[in-house]
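Reviewing the structure listed below.
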Amino acid sequence: MRASQLHIVTYRNDPADAEVTSHKLMARAGYIHKISAGLYVYAPMLQRTLRKISEIVRQELDGIGGQEVTLPILQEQALWERSGRWPVYMASRTMLTTKDRKEATYGLAPTAEEVVTEYVSATTKSYKQLPLSLYQINTKFRDELRPRFGLMRVKEFIMKDAYSFDADEAGLDARYEAFRQAYVRIFQRCGLEAFGVDADAGDIGGSGSMEFMVAADAGEDAILIEEGADYAANVEKAQSRLVPSACDGEAPRPLRIEATPAVKTVEQLQAFFPEVAADRMVKTVLMMAVWADREVPWAVLMRGDQEVNEVKLKNHTGGLALRMLTDHEIVALTGAEPGFAGPIGLSSAFSIVADESVRAMNNLLCGLNQTDKHALDVNPGRDFPLPTFAELRTARAGEPGPRTGAPLIVKRGIEVGHIFKLGTKYSAAMGAVFTDEGGRPKPFVMGCYGIGVSRVAASAVEQRSDSLGIRWPVSIAPYEVAVANLSPKDDELIATAEGLYTSLKNNGLDALYDDRALAAGAKMKDLELLGFPFVVVIGRGTKTDGTVELRDRASGATETLPLSALVETVTARVLAARRGLLP
Ligand code: ATP
Ligand code: MG
């Protein structure tokens with residue numbers, strides 16, 4: 001293709017709202033154009049990259065028996081009511097909705113478990129039709145709280161979503177493993193360094209799930225890694241070994257109550273009682289668990305030096321969402337100003353749970369639901385009823401990891417894919433059954449598997465760019481090689497450039513001929529920003545001594561080659577790199 005005939009529009013400046021590299025570079029290179037918050041045009045150049053990513057996904061999923069389908073984006077409320085997920089997505093406000101002329105309400109697909117379960121249930125009656133893996137590459141909508149970071153977090157994006165249907169758990173385990181391996185290959189072939197982490201299943205649900213993360217400082221996810229122990233988990237899910245408190249198992253002392261005027265937080269309490277370390281305190285965190293038709297206030301007892309993990313807490317409460325209590329609610333429910341809640345004399349309106357870190361504590365300091373007072377040398381079981389215990393704490397870097405006790409380190413990551421063992425969550429709720437070998441009806445055992453196709457493109461930019469611009473992996477670059485004629489008015493050089501371009505194309509390479517009438521410096525800057533993996537530079541040297549320059553965008557290396565060796569060299573390099581990071 002000739003660049004002069006393509007819609008290539010580049011900019012000098014970053015967009016004002018761009019915070020991360022991929023957003024800045026993709027906007028400057030004209031790959032994306034913002035229409036409104038979280039809504040972008042994918043320019044023709046980006047379309048080529050998205051097509052290549054999609055093709056890699058197709059090849060790998062077809063390779064494990066996946067079959068491509070297209071599912072409707074408009075999904076009736078009634079269908080989502082059958083799985084029980086309509087109120088969940090209404091509570092989190094994730095789903096965008098619309099109505100048809102008959103006033104029927106639809107959600108715009110944030111994901112498609114209900115639709116695909118309905119389809120398979122209607123068309124798959126016997127175990128003989130199983131296993132079945134279906135996938136689509138289609139638009140998804142999510143009303144994100146904070147759309148940002150260019151294509152990373154948008155309201156409308158391209159997702160590959162796949163769904164597997166098996167007769168039993170063993171089948172699901174095999175399918176999940178096949179998808180996991182396919183995901184490893186997909187991300188490698190897309191040129192990404194991605195790794196799997198243990199993850200929370202969120203509103204999709206199910207018994208097990210793994211996220212695929214691309215390490216990048218701009219990543220919105222925190223991942224805790226126990227080195228040498230094969231343990232990596234999203235902080236939403238991660239565990240650590242608890243470092244005991246000095247007060248664990250201490251001989252109980254008599255309860256004391258002290259005036260603590262306006263002393264509310266753990267830090268303030270530490271200043272007020274310098275002899276009481278934070279790990280001898282119990283804070284009482286109040287949260288409201290929210291359902292479609294009701295709310296339940298929860299009190300969480302947490303050791304003073306630890307933090308509540310809201311994802312773990314939400315899962316524990318079974319609520320559709322959590323929210324903070326208002327000051328007014330705290331006063332009404334505890335009888336004290338905010339900052340003085342505690343397990344002693346707490347209203348029975350609260351459901352109470354204590355983190356495991358509290359289990360062995362004695363002689364602890366806590367609130368007692370009286371403004372400006374705290375209790376010291378409190379002993380659970382003696383001074384307040386023993387609550388239930390659960391693991392609700394946020395694991396932190398530096399703490400001993402769960403496997404070997406090696407200290408956890410933290411990395412930031414971009415979630416590019418997520419696989420889930422759903423089990424029978426959807427099939428049982430929706431009555432989706434097949435007939436097993438013994439003639440009995442059984443719910444399908446399901447898995448689901450997502451990849452953010454448009455987010456993959458942004459992640460590749462985020463992970464591999466440099467100060468000059470994008471550095472596309474060969475496998476997903478809009479063009480693999482650009483032939484840049486720096487003297488576009490010289491007939492002899494035009495002929496040389498066109499000859500090289502044609503030979504490269506004839507060798508099956510995705511080549512671009514940059515014949516634009518730009519100054520040499522501006523043209524090279526543009527090509528660097530656009531990020532083509534190889535650039536062949538035809539200039540004065542070509543005329544004087546018959547050489548051309550080959551620039552490798554990934555390594556930054558420039559080689560001078562005789563004209564006669566160029567096509568063979570570039571072809572060999574591109575073909576070697578086309579399979580991505582795979583050997
Ligand atoms: P996140 O935690 O980033 O919000 P998620 O866990 O809600 O993502 P999934 O339901 O697992 O997302 O969706 C599958 C994949 O779709 C994700 O792994 C991610 O790559 C992509 N994705 C999800 N939300 C968005 C979004 N708002 N914009 C772009 N891609 C997204
Ligand atoms: Mg996810």
Side-chain angles (χ1 to χ4, degrees), residues 20 22-23 26 32 34 36-40 42 46 50 53-54 57 61 85 88-89 92-96 107-114 116 135-163 176 179-180 183 186-187 190 192 194-206 208-216 218-223 233-237 310-311 314-315 321 412-422 425-426 447-463:
V20 301
S22 58
H23 184 184
M26 292 177 89
I32 55 174
K34 184 171 163 182
S36 57
L39 296 171
Y40 286 87
Y42 308 147
L46 181 65
L50 296 173
I53 297 169
S54 301
V57 168
L61 295 192
R85 265 209 312 180
V88 181
Y89 277 69
S92 69
R93 309 183 68 172
T94 310
M95 191 143 65
L96 286 149
L108 272 57
T111 167
E113 283 75 11
E114 285 77 3
V116 77
Y135 72 91
Q136 65 170 345
I137 298 175
N138 206 344
T139 301
K140 295 284 176 296
F141 295 86
R142 291 186 185 179
D143 193 0
E144 297 283 355
L145 190 59
R146 282 189 70 193
R148 57 186 180 156
F149 299 164
L151 289 194
M152 294 278 192
R153 185 165 299 284
V154 279
K155 286 187 183 153
E156 180 174 339
F157 60 99
I158 305 173
M159 194 203 286
K160 183 287 294 174
D161 45 328
Y163 307 88
Y176 186 83
F179 270 94
R180 191 191 66 76
Y183 271 41
I186 287 168
F187 296 125
C190 289
L192 292 178
F195 55 99
V197 311
D198 216 10
D200 179 71
D203 289 342
I204 305 220
S209 92
M210 176 182 266
E211 288 167 343
F212 285 81
M213 294 285 178
V214 166
E220 292 184 271
D221 286 279
I223 301 142
N234 193 311
V235 69
E236 294 177 348
K237 178 82 189 282
E310 286 195 16
V311 173
K314 179 177 160 241
N315 291 341
R412 308 243 21 125
I414 302 166
E415 181 194 325
V416 284
H418 198 164
I419 59 178
F420 305 77
K421 285 188 185 179
L422 298 175
K425 174 178 168 177
Y426 293 86
C448 81
Y449 316 89
I451 289 181
V453 170
S454 45
R455 194 184 274 183
V456 164
S459 305
V461 175
E462 197 66 46
Q463 197 169 52

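This is a predicted model, so every value here is computed, not measured. Atoms within a ligand are numbered from 1 in the order they appear, just like the ligands themselves.
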Considering only protein heavy atoms, which is closest to [atom], and at what distance to one decimal place?
{"atom": "atom 4 (O) of ligand 1", "value": "Arg153 NH1, 2.9 Å"}
{"atom": "atom 8 (O) of ligand 1", "value": "Glu415 OE1, 3.6 Å"}
{"atom": "atom 9 (P) of ligand 1", "value": "Arg142 NH1, 3.6 Å"}
{"atom": "atom 21 (C) of ligand 1", "value": "Gly452 CA, 3.6 Å"}

So Tyr135 and Lys160, side chain to side chain contact (heavy atoms under 4.5 Å, CB included) or not? Walk me through it.
CA-CA 7 Å; Tyr135 72 91; Lys160 183 287 294 174; 4.2 Å; yes

Separation of [Y] [atom2] from [X] [atom1] (nearest 0.5 Å):
{"X": "Ile32", "Y": "Ser22", "atom1": "CD1", "atom2": "OG", "answer": "7.5 Å"}
{"X": "Leu151", "Y": "Leu46", "atom1": "CG", "atom2": "CG", "answer": "6.0 Å"}
{"X": "Glu220", "Y": "Phe149", "atom1": "CD", "atom2": "CZ", "answer": "5.0 Å"}
{"X": "Glu113", "Y": "Lys425", "atom1": "CD", "atom2": "NZ", "answer": "8.0 Å"}

Should you measure from each heavy atom of [X], which atoms of ligand 1 turn up under 4.0 Å away?
{"X": "Val416", "value": "18 (O), 20 (O)"}
{"X": "Leu151", "value": "29 (C)"}
{"X": "Ile204", "value": "10 (O)"}
{"X": "Glu144", "value": "24 (N), 26 (C), 27 (N)"}

Side chain or backbone, does [X] bring an N or O within less than 3.5 Å of an N or O on ligand 1?
{"X": "Phe420", "answer": "no"}
{"X": "Met152", "answer": "yes"}
{"X": "Phe157", "answer": "no"}

Is any side-chain heavy atom of [X] less than 4.5 Å from a side-chain heavy atom of [Y]?
{"X": "Thr111", "Y": "Tyr89", "result": "yes"}
{"X": "Ile414", "Y": "Met152", "result": "yes"}
{"X": "Phe212", "Y": "Ile419", "result": "yes"}
{"X": "Val154", "Y": "Glu144", "result": "no"}
{"X": "Ile204", "Y": "Tyr426", "result": "yes"}
{"X": "Met159", "Y": "Arg142", "result": "yes"}

Tell me which part of [X] gets within contact of ligand 1: side chain, backbone, both or neither, using heavy atoms under 4.0 Å.
{"X": "Asp221", "answer": "neither"}
{"X": "Val154", "answer": "both"}
{"X": "Met159", "answer": "side chain"}
{"X": "Glu211", "answer": "neither"}

Close approach, [X] and ligand 1, non-hydrogen under 4.0 angstrom:
{"X": "Val456", "answer": "no"}
{"X": "Gly417", "answer": "yes"}
{"X": "Thr111", "answer": "no"}

Using the six-membered ring wherever Trp is involved, compare the ring planes of Phe420 and His418 and label them parallel, tilted or perpendicular (cut-offs 30° and 60°).
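Correct class here is parallel.
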
Do the side chains of Lys237 and Glu211 get close enough for a salt bridge, i.e. N-O under 4.0 angstrom?
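Glu211 and Lys237: not salt-bridged.
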
Give every protein N, O or S atom lying under 2.8 Å from the Mg ion (ligand 2), naming each by residue and atom.
Glu415 OE2, His418 ND1

Would you say Arg148's side chain and Arg153's backbone share a donor-acceptor pair under 3.5 angstrom?
no

Do any N or O atoms from the side chain of Lys140 and from the backbone of Ala112 form a donor-acceptor pair under 3.5 angstrom?
no

